[in-house]
Amino acid sequence: MNKIPNRQAICQTLLKYAEKDKSIFALCSDSRGSAGMSPFFQQFPEQTVELGIAEQNLVSIAAGLASCGKKPYAFSPACFLASRSYEQAKVDCAYSNTNVKLIGISGGVSYGALGMSHHSAQDIAAMAALPNMRVYLPSDRFQTAKLIEALLQDEKPAYVRVGRNPVEDIYSDEACPFELNRATWLRSRAQTVRVALITCGEMVCPALEAAGLLEREGISVSVLDMYCVKPLDKAAVTEAAQNADIVVTVEEHSPYGGLGSMVAQVVGECCPKRVKCLSLPDAPVITGTSAEVFAHYGLTGRGIAKTVKELL
Amino acid sequence: MENKELELLSWNLRRDTLDIIMAGGGGHIGGDMSLLNALMVLYKNHLNITPETVDDPDRDRFVLSKGHAMEAYYAVLCHCRFLDLDDVKAGFNKFGSPYIGHPNNKLPGIEMNSGSLGHGLPVCVGMALAGKRDGKKYRVYTILGDGELAEGSVWEGAMAAGHYKLDNLCAVIDRNGLQISGSTEDVMSHKPLGARWESFGWNVLEVNGNSIAQLDKAFSQAKSYMGKPTVIISQTTKGFGSPLMENRPEWHHHLPTEEEYEAIKADFQKGKEAVASE
């Protein structure tokens with residue numbers, strides 16, 4: 001079992017480039033520990049800014065730094081970053097089009113037992129609705145590292161959501177195909193299948209597991225890792241839908257405005273097919289560990305496989 | 001520029017502001033008039049920004065946090081050659097025009113978009129931090145409204161500026177005492193205003209913001225004050241320059257009638273002549 005959470009992969013990637021590129025800045029809102037960014041704060045204090053518990057300030061100050069040529073990475077729990085400082089993301093990042101990378105840590109139900117205040121089940125919808133803002137949910141540590149390397153190369157705002165705990169590796173050092181804003185095919189590209197599973201973030205792993213279970217029962221499945229929720233890889237969505245009887249999306253988010261909504265929009269427009277969106281409910285999410293929460297809502301390999309079979 | 005020249009210029013810029021508002025069918029005229037002197041003194045005597053240096057990494061930075069005072073900002077930007085006054089008048093508030101009612105950073109000389117209050121100061125904290133970390137000499141300025149001070153994000157920014165001792169940062173509060181619903185002190189009291197900023201680690205200067213000489217001196221004092229950011233509490237008169245508008249909250253946003261326009265124009269002319277005859 002992998003022990004490196006995606007947040008740590010972000011820190012390692014930034015550490016790798018910060019020595020050479022002094023414009024890389026990390027900003028935290030009393031969140032450097034939970035962001036896994038303590039090593040960066042220790043090694044590059046001149047490239048860090050601590051703001052205390054003040055997410056609005058975090059985002060505006062990041063925008064000010066960006067306007068002066070810095071590459072700020074602003075870390076805060078996704079539940080606060082995408083709601084408390086939403087207007088700062090809208091005005092100072094998206095509207096002014098500043099090179100701020102917003103890193104929503106402990107996303108989704110990572111803080112499952114802490115209640116709805118600490119769940120971020122609306123962040124994809126909120127951030128994706130902002131013009132100029134891109135939204136990424138990398139699946140594992142390898143893809144996270146590739147994503148951050150790619151984001152270091154551009155000068156536009158983006159929101160990245162990662163979970164708190166380590167997740168199973170999907171890729172490896174040797175095999176991590178990555179192209180910015182292009183989804184990654186994990187199974188059965190260009191084959192006619194019964195089910196296309198389109199997923200992102202921490203749900204990629206259970207979706208793959210579900211695909212394995214279904215294949216064993218003779219149900220063919222393709223799997224698409226849509227880490228780039230915005231801009232959504234429409235070509236990949238269309239291809240997946242064209243080659244399948246039904247499309248099933250799986251995400252750690254509210255049913256509204258997330259990956260499922262966006263995929264359904266594309267499928268409805270480009271190749272109408274049945275789309276089933278598996279997600280958290282439109283209700284305060286039950287509390288517990290994230291594994292317990294996922295199991296409760298059927299967002300596990302077995303749960304997804306069961307729902308898919310019922311659909312067919 | 002000498003004070004007398006600036007006094008004369010301020011009446012011209014008031015007139016330009018008024019004409020921009022008339023051309024665009026309305027604007028935040030009351031706040032335009034209260035903040036205009038501070039804006040003009042900054043651009044004429046203190047900021048090192050010119051149309052030729054808008055991308056210079058060593059340029060001073062200015063963010064209009066009180067973004068709705070855009071018509072006065074247009075007047076100053078036009079006078080300083082960043083924009084063309086005829087273009088602004090033709091385009092202001094018009095469909096698809098870049099000359100909108102708040103700062104638009106697609107226009108030359110405008111660093112950041114604003115409009116929603118409580119953003120400018122924290123953004124400037126980021127700019128000032130960048131300057132400090134890079135060992136740059138540039139200074140960072142912002143102008144806030146006093147009604148704006150009810151936004152919590154202002155105080156988050158103030159806290160961080162004090163914490164990081166950003167003496168390259170200067171905030172101006174256009175203290176005209178009025179906001180759209182009436183007196184700031186009735187809507188949400190800011191007293192004791194100076195003590196509040198002091199307690200957040202700021203050097204506090206209080207001036208009569210209708211006085212060009214006092215503003216000019218305060219900006220110079222702020223420049224030489226080390227170890228803390230400076231806030232200039234600029235006591236002003238909303239609608240300054242015409243008794244028709246002065247201290248009347250209903251002029252927060254207004255399109256003068258033709259009669260009012262003529263009367264205000266005449267008041268501005270009188271003001272200018274009084275300076276000229278001094």
Ser153(B) vs Gln88(A), side-chain contact (heavy atoms from CB on, under 4.5 Å): CA-CA, chis, key distance, verdict
CA-CA 10 Å; Ser153(B) 53; Gln88(A) 282 71 21; 4.1 Å; yes

Name the region of Val59(A), side chain, backbone, both or neither, that has any atom closer than 4.5 Å to a heavy atom of chain B.
neither

Do the non-hydrogen side-chain atoms of Val49(A) and Arg133(B) ever get within less than 4.5 Å of each other?
yes

Within a reach of under 6.0 Å around CG of Leu114(A), are more than 12 heavy atoms found that belong to other residues, nucleotides or ligands?
yes

Report, as yes or no, whether the 6.0 Å neighbourhood of atom NZ on Lys132(B) holds more than 12 heavy atoms from other residues, nucleotides or ligands.
yes

Please indicate whether Lys94(B) has more than 12 foreign heavy atoms, meaning atoms of other residues, nucleotides or ligands, lying under 6.0 Å from its NZ.
yes

Would Ser60(A) and Glu156(B) satisfy side-chain contact (heavy atoms from CB on, under 4.5 Å), going step by step from the backbone distance to the final call?
CA-CA 10 Å; Ser60(A) 291; Glu156(B) 288 188 11; over 6 Å; no

If the contact rule is any heavy atom under 4.5 Å from chain A, which residues of residues 195-205 of chain B qualify, in numerical order?
none

For Arg139(B), is the CZ atom crowded, meaning more than 12 foreign heavy atoms sit under 6.0 Å from it?
yes

NZ/Lys90(A): more than 12 non-hydrogen atoms of other groups inside 6.0 Å:
no

Please indicate whether Glu269(A) has more than 12 foreign heavy atoms, meaning atoms of other residues, nucleotides or ligands, lying under 6.0 Å from its CD.
no

With a 4.0 Å cut-off, would you call Lys70(A) and Asp134(B) a salt bridge?
yes

Looking only at heavy atoms, which of residues 91-106 of chain A get nearer than 4.5 Å to chain B?
Val91(A), Asp92(A), Tyr95(A), Ser96(A), Thr98(A)

Rounded to the nearest 0.5 Å, how far apart are OH of Tyr164(B) and CD of Glu50(A)?
6.0 Å

Residues in residues 110-130 of chain B near chain A [non-hydrogen atoms, under 4.5 Å]
Met112(B), Asn113(B), Ser114(B), Ser116(B), His119(B), Pro122(B), Val123(B), Val125(B), Gly126(B), Met127(B), Leu129(B), Ala130(B)

Proximity of residues 144-152 of chain B to chain A, residues having a non-hydrogen atom under 4.5 angstrom
none

Within this structure, what is the SG-NZ distance for the pair Cys68(A) and Lys136(B), rounded to the nearest 0.5 Å?
10.0 Å

